[in-house]
Each structure stands twice: as C-alpha cells, then as structure tokens.
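Since the structure is predicted, the reported quantities are computational estimates derived from the model, not experimental observations.
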Amino acid sequence: MAMSVRASVWVALAVGVAGTWVAYSLGSWQTKRAEGKLAVEARWRAAESAAPRDVSPANTSSVRGELPQRVRLRGQFAHEKSVWLDNRPLDGRAGMILLAPLVLDDSASGRATVVLVMRGWAPRDMQERARLPKVAQPRDPIVVEGLALPHPPRVYELSDVAEPATLPALWQNLDYAEYAKASGLHVEPWVVQQQGGADDGLVRAWTRPASGVEKHRGYALQWYSLAGLIAVLTLVLGARALRRK
C-alpha cells in the first residue's frame with residue numbers, strides 16, 4: 001500500500017514536470033512569434049527609408065521576392081479598369097481606396113507590363129453609398145514612387161458574393177485572379193502603395209499594419225508565469241508528500 005501511495009506521488013510529480021515543460025514551450029513559441037513580427041517591422045522600416053528601386057518590365061518578376069521595398073515606376077494609368085476597395089475608414093471617416101492599373105511600357109522590347117497602384121483614399125458619399133468618388137485621372141505618362149507590397153490590406157467579408165465583373169467597380173478585397181478576369185489584364189502579383197505625387201484629391205496617409213508584437217509578448221508572459229507556478233507547486237507539494245510518505 002505504501003509503495004502504491006509513493007508511486008502515485010511520483011506520477012503526480014511527473015505530471016507537474018510535464019505541465020511545466022508544456023507551459024514553458026508555449027511561452028517560447030509566443031516569444032518566437034513576437035521576434036518574427038519584430039523582424040517584419042524592421043524590414044518594413046528599412047524599406048520605407050531606402051532609396052527607391054527603378055522597376056521596368058525587365059525586372060518586375062524579381063520584386064515579388066523582396067517585399068516590402070520602395071520602388072519607382074513609369075507608365076500610364078488605365079483608369080477605366082480601376083477598382084475601389086470598400087470599407088477602408090480613415091480618422092473615423094468612412095471611405096475607400098482607389099486601386100488603378102499602371103501600364104509600364106518598354107520601348108526596347110515593345111512589351112507592356114501592368115502593376116496595380118494603390119493611388120490613395122477618398123471619403124464615401126454618405127447620401128449615395130454606391131457612388132464612386134471623382135478624382136483626377138492623369139492620362140500622360142507618370143512616375144509613381146511607393147512601397148511594393150504583396151497585396152492591399154484586407155477586410156473581413158461577410159459572404160462569398162462575387163465581385164462585380166464590370167470595371168470600374170467597388171470591391172471588398174482584391175483577388176488577382178478575379179481582377180484578371182474582369183479587366184482582361186495580366187497584372188503582377190504585388191501592388192504599389194503610392195507615396196507623394198500630384199494633387200489629385202486623394203489622401204495618401206498610409207498606416208503600417210499592426211504587428212501584434214505586444215499581444216504575443218503578453219501571451220508569452222502568461223505562459224511563463226504558469227510554467228513557474230506549476231514548477232513551484234510541483235516542488236513544494238511533491239517534497240511534502242514524499243517526506244510524509
């Protein structure tokens with residue numbers, strides 16, 4: 001009987017050690033996630049402060065492997081194939097972001113490459129919510145500088161309703177395949193968040209995506225605290241039980 005009781009104490013100690021290890025491992029996992037988010041923030045800041053890289057049809061394919069990065073492009077907007085991204089508030093105001101295709105021409109090869117440009121933000125018409133804002137539409141070749149990103153910020157969609165196939169249109173989110181189908185254009189799988197430029201009535205006050213570093217640090221602290229608590233209780237209660245038995 002005494003041996004059975006002693007064995008149960010050792011089993012409880014083993015469970016305590018396992019619980020400590022699990023909690024500590026989860027804390028370490030959250031710490032690594034926070035470090036990964038910090039690395040992303042560092043790359044983002046470095047890209048914002050770097051000199052822009054000149055992009056042409058000859059080197060667009062190399063951009064996608066080094067995002068984010070500052071770029072400079074020259075081409076003409078195809079305004080008739082633009083998309084407005086809905087539900088993008090700014091400073092508490094309802095609004096939308098204009099996404100326009102920029103056609104890059106290469107006089108040497110005669111090829112045309114298309115890159116989608118986030119031109120800026122405009123307020124929503126609260127009287128007629130489906131009305132698209134009127135903004136300046138430059139027709140001459142233009143130089144665009146900005147930050148190349150994998151895709152525009154996404155918003156939650158309540159349903160899987162297909163986006164309008166006729167452009168220009170109001171969409172919730174950008175889907176490259178759906179855009180190619182609606183526009184007939186083959187676009188690069190990345191976008192440019194335009195910075196500066198002409199006075200066209202659009203607001204280009206871009207915000208950096210929240211990384212959630214503090215959230216992961218908070219979770220890590222909770223798991224480490226739990227690991228410490230389990231370890232202390234296991235040592236204290238286990239020692240008492242072994243002495244008593």
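- Every residue meeting the side-chain contact (heavy atoms from CB on, under 4.5 Å) condition with S62, not counting sequence neighbours, appears here in chain and number order: R53, N59.
- Considering only heavy atoms from C-beta on, L132 comes within 4.5 Å of L170 through its side chain.
- In this structure a side-chain-to-backbone donor-acceptor pair under 3.5 Å is missing from H186 to T113.
- Using a 4.5 Å heavy-atom cutoff, the side chains of L147 and W206 are not in contact.
- In plain terms, the two heavy atoms of P133 and P123 that are nearest each other are CG-O, 3.9 Å.
- Rounded to the nearest 0.5 Å, atoms CD (E35) and NE2 (H216) are 11.5 Å apart.
- Going from atom CG of L102 over to atom CG of L116 covers 9.5 Å, rounded to the nearest 0.5 Å.
- Take D175 and apply the side-chain hydrogen bond (donor to acceptor under 3.5 Å, both in side chains) test, not counting sequence neighbours, and it matches no residue.
- At a threshold of 4.5 Å between side-chain heavy atoms, the hydrophobic network of Ile, Leu, Val, Met, Phe, Trp and Tyr places L104 and V143 in two separate groups.
- Here CG of D200 is found 8.5 Å from CZ of F77. Values are rounded to the nearest 0.5 Å.
- W21 belongs to a hydrophobic cluster whose other members, connected by ILVMFWY side-chain contacts under 4.5 Å either directly or through intermediates, are V22, L26, W223, L226, I230.
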Hey, mind stepping through Q69 and V71 against side-chain contact (heavy atoms from CB on, under 4.5 Å) and telling me if it holds? CA-CA 6 Å; Q69 66 170 297; V71 295; 4.0 Å; yes

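- Among residues two or more places apart in sequence or in another chain, the side-chain contact (heavy atoms from CB on, under 4.5 Å) test is passed with Y219 by Q30, K215, Q222.
- Taking Q127 as the reference, D125 meet the side-chain contact (heavy atoms from CB on, under 4.5 Å) condition, with sequence neighbours excluded.
- In this structure R33 satisfies the side-chain hydrogen bond (donor to acceptor under 3.5 Å, both in side chains) test with no other residue, sequence neighbours excluded.
- Listed by first and then second residue, the side-chain hydrogen bond (donor to acceptor under 3.5 Å, both in side chains) pairs involving residues 84-102 are D86-R124, N87-Q172, R88-N173 (not counting sequence neighbours).
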Exercise for review: Apply side-chain contact (heavy atoms from CB on, under 4.5 Å) to the pair L98 and M96, showing each step before the final yes or no.
Suggested key: CA-CA 7 Å; L98 176 57; M96 54 192 79; over 6 Å; no

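- Residues L99 and W171 fail the side-chain proximity criterion, which asks for heavy atoms closer than 4.5 Å.
- Judged purely by atom type and a 3.5 angstrom limit, R70 has no side-chain atom pairing as donor or acceptor with the backbone of G146.
- Side-chain atoms of S183 and P101, non-hydrogen and from C-beta on, never get closer than 4.5 Å to each other.
- When every heavy atom of H79 is checked against every heavy atom of P138, the shortest pair comes out as NE2-O, 2.7 Å.
- The shortest non-hydrogen separation linking A220 to T31 is CB-OG1, 3.6 Å.
- Residues V117 and V191 fail the side-chain proximity criterion, which asks for heavy atoms closer than 4.5 Å.
- Identified under the salt bridge (Lys or Arg N to Asp or Glu O under 4.0 Å) test for residues 74-85, with sequence neighbours left out: E80-R139.
- Considering every non-hydrogen atom in both R204 and G120, the closest pair reads CG-CA, 3.9 Å.
- Every pair passing salt bridge (Lys or Arg N to Asp or Glu O under 4.0 Å) that includes a residue from residues 217-230 is listed here, sequence neighbours excluded: E214-R217.
- Annotation: side chain of L174 is not in contact with side chain of V83 (no heavy-atom distance under 4.5 Å).
- Under a hydrophobic clustering in which Ile, Leu, Val, Met, Phe, Trp and Tyr are joined whenever their side-chain heavy atoms come within less than 4.5 Å, directly or via other members, V15 and L237 fall into different clusters.
- Counting all heavy atoms, side chain and backbone alike, L85 lies closest to P152 at CD1-CB, 3.7 Å.
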Point to revise | Step-by-step side-chain contact (heavy atoms from CB on, under 4.5 Å) determination, L202 to W121 | key: CA-CA 5 Å; L202 293 167; W121 178 93; over 6 Å; no

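- Listed here is the closest heavy atom pair of V103 and A78: CG2-CB, 4.4 Å.
- The distance from the CD atom of Q195 to the CZ atom of R72 is 12.0 Å, given to the nearest 0.5 Å.
- Counting side-chain heavy-atom gaps under 4.5 Å among Ile, Leu, Val, Met, Phe, Trp and Tyr, the cluster of V236 also holds V232.
- Other cluster members for Y24: Y224, joined by side-chain heavy-atom distances under 4.5 Å among Ile, Leu, Val, Met, Phe, Trp and Tyr.
- Shown here are the side-chain contact (heavy atoms from CB on, under 4.5 Å) partners of R64, two or more places apart in sequence or in another chain: S61, E188, P189, W190.
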